[in-house]
A.B. asks: 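Quick one: the structure is below, and I'll ask about it shortly.
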Amino acid sequence: LVGYYLLTTCLAALEGLAVTSAIVLPFTPTVNSSGLCIDVEPVVATVKVSFLEQMLGVVRNLVPTNIIGDAARLNLLPLVTTSIVLGLLLPPGGTVLSAAAELNDAVGKVVSFLIKLAPFGIASIVFGAVAENGPGIVDVAPYLGVFLGAVTFGLLFHMLVALPLVFFALSRRNPYPYLARTWPALATALGCASSAGTLPVTMRCASSNGVSPTVSRLVLPLGATINMDGTAIGYPIAVTFIAIVQGTWSAAALNAGDV
């Protein structure tokens, strides 16, 4: 399971680098940063973290220090660990498990209601940012199409080509009918931009595709925590685009190896 998540995240990262090299570098010019009204503070120090330290951080995160605080911060990994331990120790059909199931149903209904309001909230945030940073946005607006096009292409390629190929290689089944039945989760994720917020809808889509609830209740919360394919695609694109637009990097001086 973790190997699959690692595979798809690595593929997403490679796709993000490829899209950055093929689209962002050739088509993103430098904009005069003095015209931007967004002040960016310089980075004082950079902390380098080794791969071993990163892996140890993931392992340490498996053990919750404050389960309530982790739940409030949507840090799902320690919640999954706690759920597995409690599920193994508590008797089936007991009072605690019944209360947890009822609480889960109640939370799912609340999240579903909030998801319906998410587009209005997101639109308000975007409207406020545009109204506050109007002059700076006008300067970079002609080039935002490059950024949006690169991110959209990377995400669509990953969703319609890379993941279906992995699905077919593992199951020898046509992935697209399965993908078509997941459109409610895809639309919800597009509207709220949250893996955790989309989780109840994702579970319903998995159930409609014949996935056992026992499997989906373990796999999907874990995937919502550690399987950040969209982030792996979007980060190199966003970082490179911002750095070139602000003049921190020169697109002419960068190549695929630098990215």
A.B. asks: Side chain of Thr202, backbone of Ala185: donor and acceptor closer than 3.5 Å?
C.D. replies: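 No, because the side chain of Thr202 does not come within donor-acceptor range (under 3.5 Å) of the backbone of Ala185.
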
A.B. asks: What are the two closest heavy atoms between Pro184 and Arg181, and how far apart are they?
C.D. replies: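 Smallest interatomic distance, heavy atoms only, reads CD-O, 3.9 Å.
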
A.B. asks: Nearest 0.5 angstrom please: Leu17 CG to Tyr235 OH, how far?
C.D. replies: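 If I round to the nearest 0.5 Å, the distance is 14.5 Å.
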
A.B. asks: Measure the spacing between OG1 of Thr20 and CD of Glu15 and express it to the nearest 0.5 Å.
C.D. replies: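 So the OG1 of Thr20 and the CD of Glu15 are separated by 11.5 Å.
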
A.B. asks: Side chain to side chain donor-acceptor pair (under 3.5 Å), that's the test. Do Thr9 and Asn227 meet it? Break it down for me.
C.D. replies: CA-CA 6 Å; Thr9 302; Asn227 192 217; 3.1 Å; yes

A.B. asks: Look up atom CG in Leu199 and atom OG1 in Thr188, then write down how far apart they are to the nearest 0.5 Å.
C.D. replies: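 Output value for this atom pair is 11.5 Å.
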
A.B. asks: Could you tell me whether a side-chain N or O of Thr8 sits under 3.5 Å from a main-chain N or O of Tyr5, the two making a donor and an acceptor?
C.D. replies: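 Between the backbone of Tyr5 and the side chain of Thr8 there is a qualifying donor-acceptor contact (under 3.5 Å).
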
A.B. asks: Honestly curious: do Ile233 and Leu148 fall in one hydrophobic cluster under the side-chain, below-4.5 Å linking rule?
C.D. replies: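 Yes, because Ile233 and Leu148 connect within a single hydrophobic cluster, where side-chain heavy atoms sit under 4.5 Å apart.
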
A.B. asks: Kindly say whether Tyr176 contributes a backbone atom to a donor-acceptor pair with the side chain of Asn174 at under 3.5 angstrom?
C.D. replies: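 Checking the backbone N and O of Tyr176 against the side chain of Asn174, a donor-acceptor pair under 3.5 Å is found.
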
A.B. asks: Indicate yes or no: at least one non-hydrogen side-chain atom of Met203 is less than 4.5 angstrom from one of Pro221.
C.D. replies: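 Yes, their side chains come closer than 4.5 Å.
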
A.B. asks: Can you tell me how far the CZ atom of Phe120 sits from the CZ atom of Phe127, to the nearest 0.5 Å?
C.D. replies: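 Going from the CZ atom of Phe120 to the CZ atom of Phe127 covers 15.5 Å.
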
A.B. asks: Counting N and O atoms only, with roles assigned by atom type, does the side chain of Ser207 sit under 3.5 Å from a partner on the main chain of Arg204, one being a donor and the other an acceptor?
C.D. replies: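 A pair under 3.5 Å: no.
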
A.B. asks: Assigning hydrophobic clusters by single linkage (Ile, Leu, Val, Met, Phe, Trp, Tyr; side-chain heavy-atom cutoff under 4.5 Å), is Leu144 placed with Val24?
C.D. replies: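 In one cluster with Leu144: Val24, yes.
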
A.B. asks: Are Tyr178 and Leu160 grouped together when hydrophobic residues (ILVMFWY) are joined by side-chain heavy atoms under 4.5 angstrom apart?
C.D. replies: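 As far as the 4.5 Å side-chain criterion goes, Leu160 and Tyr178 are not connected within one cluster.
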
A.B. asks: Of all heavy-atom pairs between His158 and Ala12, which one has the smallest distance, and what is that distance?
C.D. replies: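 Looks like CE1-CB, 3.8 Å.
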
A.B. asks: Go through Asp229 and Leu163 one step at a time and tell me if the side chain to side chain contact (heavy atoms under 4.5 Å, CB included) criterion holds.
C.D. replies: CA-CA 10 Å; Asp229 293 359; Leu163 290 182; 4.3 Å; yes

A.B. asks: Start with the C-alpha distance between Phe153 and Val19, add both sets of side-chain angles, then the distance that settles side chain to side chain contact (heavy atoms under 4.5 Å, CB included), and finish with yes or no.
C.D. replies: CA-CA 8 Å; Phe153 176 81; Val19 171; 3.9 Å; yes

A.B. asks: For Met159 and Leu179, which heavy atoms make the closest approach, and how far apart are they?
C.D. replies: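 Heavy atoms of Met159 and Leu179 come nearest at O-CD2, 3.9 Å.
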
A.B. asks: Please check this pair: side chain of Thr152 against backbone of Gly149, looking for a donor-acceptor N/O pair closer than 3.5 Å.
C.D. replies: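 Not a single qualifying donor-acceptor pair exists.
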
A.B. asks: Between Val166 and Leu11, is a side chain to side chain contact (heavy atoms under 4.5 Å, CB included) present by the stated rule, with each step listed?
C.D. replies: CA-CA 10 Å; Val166 174; Leu11 287 176; 4.0 Å; yes

A.B. asks: Is any side-chain heavy atom of Pro236 closer than 4.5 Å to a side-chain heavy atom of Val239?
C.D. replies: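 In short, these two side chains do not touch, never coming nearer than 4.5 Å.
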
A.B. asks: Going from CG on Leu62 to CD1 on Ile84, what distance comes out if it is rounded to the nearest 0.5 angstrom?
C.D. replies: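 Taking CG in Leu62 and CD1 in Ile84, the distance rounds to 9.0 Å.
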
A.B. asks: I would like to know whether Asp70 and Arg73 meet side chain to side chain contact (heavy atoms under 4.5 Å, CB included); could you show each step before the answer?
C.D. replies: CA-CA 5 Å; Asp70 291 327; Arg73 294 189 299 269; 2.9 Å; yes

A.B. asks: Are Val161 and Leu155 co-members of a hydrophobic cluster defined by side-chain heavy atoms under 4.5 Å apart?
C.D. replies: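 Leu155 does not cluster with Val161.
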
A.B. asks: State yes or no: do Phe157 and Leu165 share one hydrophobic cluster built from I, L, V, M, F, W and Y residues joined by side-chain heavy-atom distances below 4.5 Å, directly or via other members?
C.D. replies: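 Yes; Leu165 is reachable from Phe157 via cluster members.
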
A.B. asks: Between the side chain of Thr240 and the main-chain N/O of Ile237, is any donor-acceptor distance below 3.5 Å?
C.D. replies: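 Not at all, since once roles are kept as given, no pair shorter than 3.5 Å links the two residues.
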
A.B. asks: Roughly how far, to the nearest 0.5 Å, is the CZ atom of Phe147 from the CD1 atom of Ile244?
C.D. replies: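 Reported to 0.5 Å precision, the distance equals 12.0 Å.
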
